[in-house]
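What's counted below: heavy atoms across the whole structure, side chains too, no hydrogens, waters or symmetry copies. Count residues from 1 along the sequence.
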Amino acid sequence: MTEPISDSVVDPVVDPVVVGTDGSTGATRAVEWAADHAGLRGLPLRVVHAAERLPYDVPRYPVPDSYDRMAPSGWQILDHAERAARDRRPGLDVTTELVEGRPGRVLREQAARAAEVVMGSHGAGGFPGMLLGSVGNQVAGHVAVPVVVVRPAPPEAGAEIAVGFDCSEASGPALAYAFEEARLRGHRVRIVCAWEPPVPYGPAIAMDLDEMRQAAEDYARGELQPWQGGYADVKIELDMVRAHPVSALLDASSRAALLVVGSHGRNAFTAAVLGSVSRAVLAHAHCPVAVVRGEPRR
């Protein structure tokens with residue numbers, strides 16, 4: 001277990017947005033994104049830094065004063081992040097917490113008392129290696145709350161939230177998150193539904209691809225009807241894309257302010273904890289990515 005070593009007090013009733021920082025440029029971008037997000041949702045923000053002991057600093061042979069040397073640097077990182085958050089969102093309720101432990105474990109434990117968890121896509125100590133998913137893959141899909149990995153939005157990003165949809169009930173939490181984000185931001189929702197013709201078995205059979213596509217679109221629209229009724233003020237665009245889901249989602253991310261994916265699904269979107277589609281999207285998306293496992297808290 002990690003050991004909190006901060007005296008910060010967090011509202012015991014309202015779960016905050018938690019953002020991890022290591023002082024890097026990417027982490028500061030994540031802090032600013034998290035501050036905007038917390039402000040939109042009316043939630044407090046908790047900024048966390050993980051002070052990880054050196055690999056050879058084992059209990060039997062502790063390095064003298066190793067934590068004492070790390071703590072001042074950690075508090076400086078947190079002070080910088082807190083200023084960035086307050087500059088971004090004046091009046092936002094911001095607390096900081098310095099925690100001893102491995103970054104992935106720290107964020108997983110923080111998620112137990114968070115509305116969601118945010119981190120940068122790159123790191124430089126504290127929360128490193130996000131491009132390869134060393135921390136992100138330890139958190140996304142492993143916690144009940146949404147996990148957002150912040151990457152720079154593309155210059156041509158439109159006012160839209162893109163979300164992967166496979167017509168299954170497992171897509172529900174991701175859709176709920178995407179629609180709520182779109183409503184709060186005044187954006188439209190682009191629903192990406194990837195499909196590919198089935199591989200024929202036995203003798204080749206003639207397939208009308210246009211007819212198959214239309215049938216898939218009609219089914220998807222029927223599944224989306226309740227969402228359209230529940231978010232009448234949100235514009236919806238359905239993209240039926242004949243492509244692998246990763247290709248379809250990455251293409252959508254080049255124009256979106258945020259891409260939302262589920263960590264579980266069926267067919268091409270199937271994932272065990274965090275599947276191949278979600279992993280690929282986290283590694284290569286052009287915009288921030290939200291991985292939603294369970295029902296998002298509001």
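- In this structure, the side chain of Ser254 does not engage the main chain of His286 through any donor-acceptor pair within 3.5 Å.
- For the atom pair Ser278 OG and Arg293 CZ, the distance stands at 12.0 Å (nearest 0.5 Å).
- Checking side-chain atoms of His49 against main-chain N and O of Thr21 turns up a donor-acceptor pair under 3.5 Å.
- Here the CG-CD distance, from Asp166 to Glu223, works out to 10.0 Å after rounding to the nearest 0.5 Å.
- Considering only heavy atoms from C-beta on, Val14 comes within 4.5 Å of Pro44 through its side chain.
- Between Glu97 and Arg113, at least one side-chain nitrogen of the basic residue sits less than 4.0 Å from a carboxylate oxygen of the acidic one, meeting the salt-bridge criterion.
- Taking 4.5 Å as the limit, every side-chain heavy atom of Val139 sits out of range of all side-chain heavy atoms of Val291.
- Taking both residues in full, the closest heavy atoms of Leu43 and Ala115 are given as CD1-CB, 3.7 Å, listed atom of the first, atom of the second, then distance.
- Leu175 approaches Val163 most closely through the heavy-atom pair CD2-CG1, 3.9 Å.
- The shortest non-hydrogen separation linking Met119 to Val117 is CE-CG1, 4.2 Å.
- Here the straight-line distance linking atom CZ of Arg151 with atom CG of Leu258 works out to 13.5 Å at 0.5 Å rounding.
- Contact detail for Trp227 and Gly172: the closest heavy-atom pair is CH2-O, 3.5 Å.
- Residues Thr28 and His80 meet the side-chain proximity criterion, which asks for heavy atoms closer than 4.5 Å.
- Taking a cutoff of 4.0 Å between a charged side-chain nitrogen and a carboxylate oxygen, Arg88 and Asp36 qualify as a salt bridge.
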Problem - Pair Phe165-Val189, side-chain contact (heavy atoms from CB on, under 4.5 Å): steps then yes or no - result: CA-CA 12 Å; Phe165 180 57; Val189 173; over 6 Å; no
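- A salt bridge links Arg183 to Glu180: one of the charged nitrogens lies within less than 4.0 Å of a carboxylate oxygen.
- Closest approach of Ala81 and Val31 over heavy atoms only: O-CG1, 3.5 Å.
- Here the straight-line distance linking atom CE of Met240 with atom CZ of Arg221 works out to 9.0 Å at 0.5 Å rounding.
- Salt bridge absent: Glu160 and Arg185 never bring a charged side-chain N and a carboxylate O closer than 4.0 Å.
- Between the OG1 atom in Thr96 and the CD atom in Glu82 there is a gap of 5.5 Å [rounded to 0.5 Å].
- To the nearest 0.5 angstrom, Leu259 atom CG is 12.0 Å from Arg190 atom CZ.
- The backbone N or O of Glu237 lies less than 3.5 Å from no partner atom in the side chain of Arg188, so there is not a single donor-acceptor pair.
- Scanning all heavy atoms of the two residues, the minimum distance from Leu78 to Val47 falls at CD2-O, 3.6 Å.
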Exercise for the section: Could you walk me through whether Val289 and Ser253 pass the side-chain contact (heavy atoms from CB on, under 4.5 Å) test, one step at a time? Expected result: CA-CA 9 Å; Val289 178; Ser253 76; over 6 Å; no
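- In the hydrophobic cluster analysis, where Ile, Leu, Val, Met, Phe, Trp and Tyr join through side-chain heavy atoms closer than 4.5 angstrom, Leu40 is grouped apart from Val147.
- Each of Val292 and Leu184 belongs to its own hydrophobic cluster when Ile, Leu, Val, Met, Phe, Trp and Tyr are linked at side-chain heavy-atom distances under 4.5 angstrom.
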Problem - Stepwise side-chain contact (heavy atoms from CB on, under 4.5 Å) test for Trp33 and Val17 - result: CA-CA 11 Å; Trp33 191 96; Val17 173; over 6 Å; no
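- Of the possible polar contacts, none joining the Asp239 side chain to the Val241 backbone as a donor-acceptor pair under 3.5 Å is found.
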Problem - Candidate pair Val277 and Val261, rule side-chain contact (heavy atoms from CB on, under 4.5 Å), full reasoning - result: CA-CA 9 Å; Val277 170; Val261 295; 5.6 Å; no
